[in-house]
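Protein chains get the first letters and strands the later ones, always in sequence-line order, with residue 1 at the start of each. The basis for the numbers below is simple: all heavy atoms, side chains too, and nothing from hydrogens, waters or symmetry mates. In this text, all values refer to a predicted model and were calculated from it rather than measured experimentally.
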Number of protein chains: 2
Amino acid sequence: MNKIDLDDCPIALAQKILGGKWALRILYNLSTGILRFGELNRQMPELTQATLTKELRRLESFQLINRKVYPEVPPRVEYSLAEMGLKLLPVLRELEIWGDEYKKNTLNNN
Amino acid sequence: MNKIDLDDCPIALAQKILGGKWALRILYNLSTGILRFGELNRQMPELTQATLTKELRRLESFQLINRKVYPEVPPRVEYSLAEMGLKLLPVLRELEIWGDEYKKNTLNNN
DNA sequence: CCGCATCCCACTGGATACTG
DNA sequence: CAGTATCCAGTGGGATGCGG
């Protein structure tokens, strides 16, 4: 039933995958390079481990990020952008520009 | 408390404003030009009048779209992109490209 | 250190009916 | 035609505690 949307509208697909509250933030953080779980969490202290884990798994299932586990003790897990995640960089850049501009334009209004 | 995010991270701001389930779809439809309420609704039959109204009001409050009411009978209301909405066009274009690409790359995998 | 399981709440957004 | 009003369900995401 929602296959119709996804076929017709790439934006609907994008919204479905990138929607959520954290997806873009996570990808944005990863755009600077590989990060470990704890590092990601420290850059976004507002979300809990549980939520971060869920989001990472979701993004992984959509093949936007890679998850590399090192069989060590203590464990180490590194996240990085996968191919489709890398292709999202132009979007993130434009979005960043827009967000900055928006803040400037609404400083006096809000 | 979330002012911290908004100051630090333009992406968080963008996600807050553009999040939702329909924001990007609506803006995407309006990117082709001015549309009346009914036309918008026809292009997205999956959402109800009530939901569409709410989203339009929200986007208007963020100054992404303009709402022009014609004092006629039957009433006519036209929606168009406002300044900050127009500045979102590059994002929408990149997102569209990405969505199309994503579909291609996942045809055999899904 | 990294993450899973469980529980739970708030809020988004949908259904439906009515109106100028 | 373009809404409002009301009510309600689903789910996204947070809190907490345990485990390898």
Novice: When the distance from CD of E46(A) to C1' of dA15(D) is rounded to whole Å, what number comes out?
Specialist: 16 Å
Novice: Touch check for T53(B), heavy atoms < 4.0 angstrom, all strands: base, sugar-phosphate only, or nothing?
Specialist: base
Novice: Name the residue from L86(A), V91(A), L64(A), L89(A) that meets the side-chain contact (heavy atoms from CB on, under 4.5 Å) definition with L27(A).
Specialist: L64(A)
Novice: Look at the side-chain N and O atoms of Y79(B) and state whether any lies under 4.0 Å from the OP1 or OP2 oxygen of dG3(D).
Specialist: yes
Novice: For the pair F37(B) and Y79(B), name the ring-plane relationship: parallel under 30°, tilted 30 to 60°, perpendicular over 60°.
Specialist: tilted
Novice: In whole angstrom, give the distance that lies between atom CD of Q15(A) and atom P of dG12(D).
Specialist: 13 Å
Novice: Between T48(A) and dA15(D), does any side-chain N or O lie under 4.0 Å from OP1 or OP2?
Specialist: no
Novice: Rounded to the Å, how far apart are E55(A) CD and dC4(C) P?
Specialist: 13 Å
Novice: Show, in sequence, the C-alpha distance, side-chain angles and deciding distance for I34(B) and N66(B), and conclude whether the side-chain contact (heavy atoms from CB on, under 4.5 Å) test is met.
Specialist: CA-CA 10 Å; I34(B) 299 173; N66(B) 293 128; over 6 Å; no
Novice: Given atom CZ of R67(A) and atom C1' of dC1(C), what is their separation to the nearest angstrom?
Specialist: 13 Å
Novice: Please determine whether a side-chain nitrogen or oxygen atom of R36(A) lies at a distance below 4.0 Å from atom OP1 or OP2 of dC2(C).
Specialist: yes
Novice: Below 4.5 Å, heavy atoms only, C-beta onward: do N41(A) and L47(A) meet side chain to side chain?
Specialist: yes
Novice: Taking CZ from R25(B) and C1' from dG14(C), how many angstroms apart are they, rounded to a whole number?
Specialist: 16 Å
Novice: Side-chain donor or acceptor of K54(B) under 3.5 Å from a matching atom on the base of dG14(C)?
Specialist: yes
Novice: Thinking salt bridges, do E101(A) and K104(A) make one under a 4.0 Å N-O criterion?
Specialist: no
Novice: Would you mind classifying the nucleic acid contact of R58(A) as base, sugar-phosphate or nothing, using non-hydrogen atoms under 4.0 angstrom?
Specialist: nothing
Novice: Respond yes when some side-chain nitrogen or oxygen of W22(B) is under 4.0 Å from OP1 or OP2 of dG14(C), and no when none is.
Specialist: yes
Novice: Could you give the CG-to-P distance, from L59(B) to dG13(C), as a whole number of Å?
Specialist: 11 Å
Novice: Quick one: which protein N/O atoms are closer than 3.5 Å to N/O atoms of nucleotides 18-20 of chain C? Pair and distance per line, please.
Specialist:
none

Novice: Output the rounded distance in Å from CG (L18(B)) to C1' (dT12(C)).
Specialist: 16 Å
Novice: Within the 4.5 Å heavy-atom criterion, are R57(A) and K54(A) side-chain neighbours or not?
Specialist: no
Novice: For G20(B), answer base if it contacts any base atom (sugar-phosphate contacts may also be present), sugar-phosphate if it contacts only those atoms, and nothing otherwise; contact means non-hydrogen atoms under 4.0 Å.
Specialist: sugar-phosphate
Novice: Q63(B) and N105(A): side-chain contact (heavy atoms from CB on, under 4.5 Å), yes or no, with the steps?
Specialist: CA-CA 10 Å; Q63(B) 316 210 39; N105(A) 286 15; over 6 Å; no
Novice: Would you say F62(A) and M84(A) make side-chain contact, with heavy atoms under 4.5 Å?
Specialist: no
Novice: If you compare every side-chain N and O of K21(B) against the phosphate oxygens of dG14(C) (OP1, OP2), does one of them come in below 4.0 Å?
Specialist: yes
Novice: Of all the nucleotides listed (dC1(D), dA15(D), dC2(C)), which has the minimum atom distance to the side chain of A50(A)?
Specialist: dA15(D)
Novice: Taking NZ from K16(A) and C1' from dT11(D), how many angstroms apart are they, rounded to a whole number?
Specialist: 13 Å
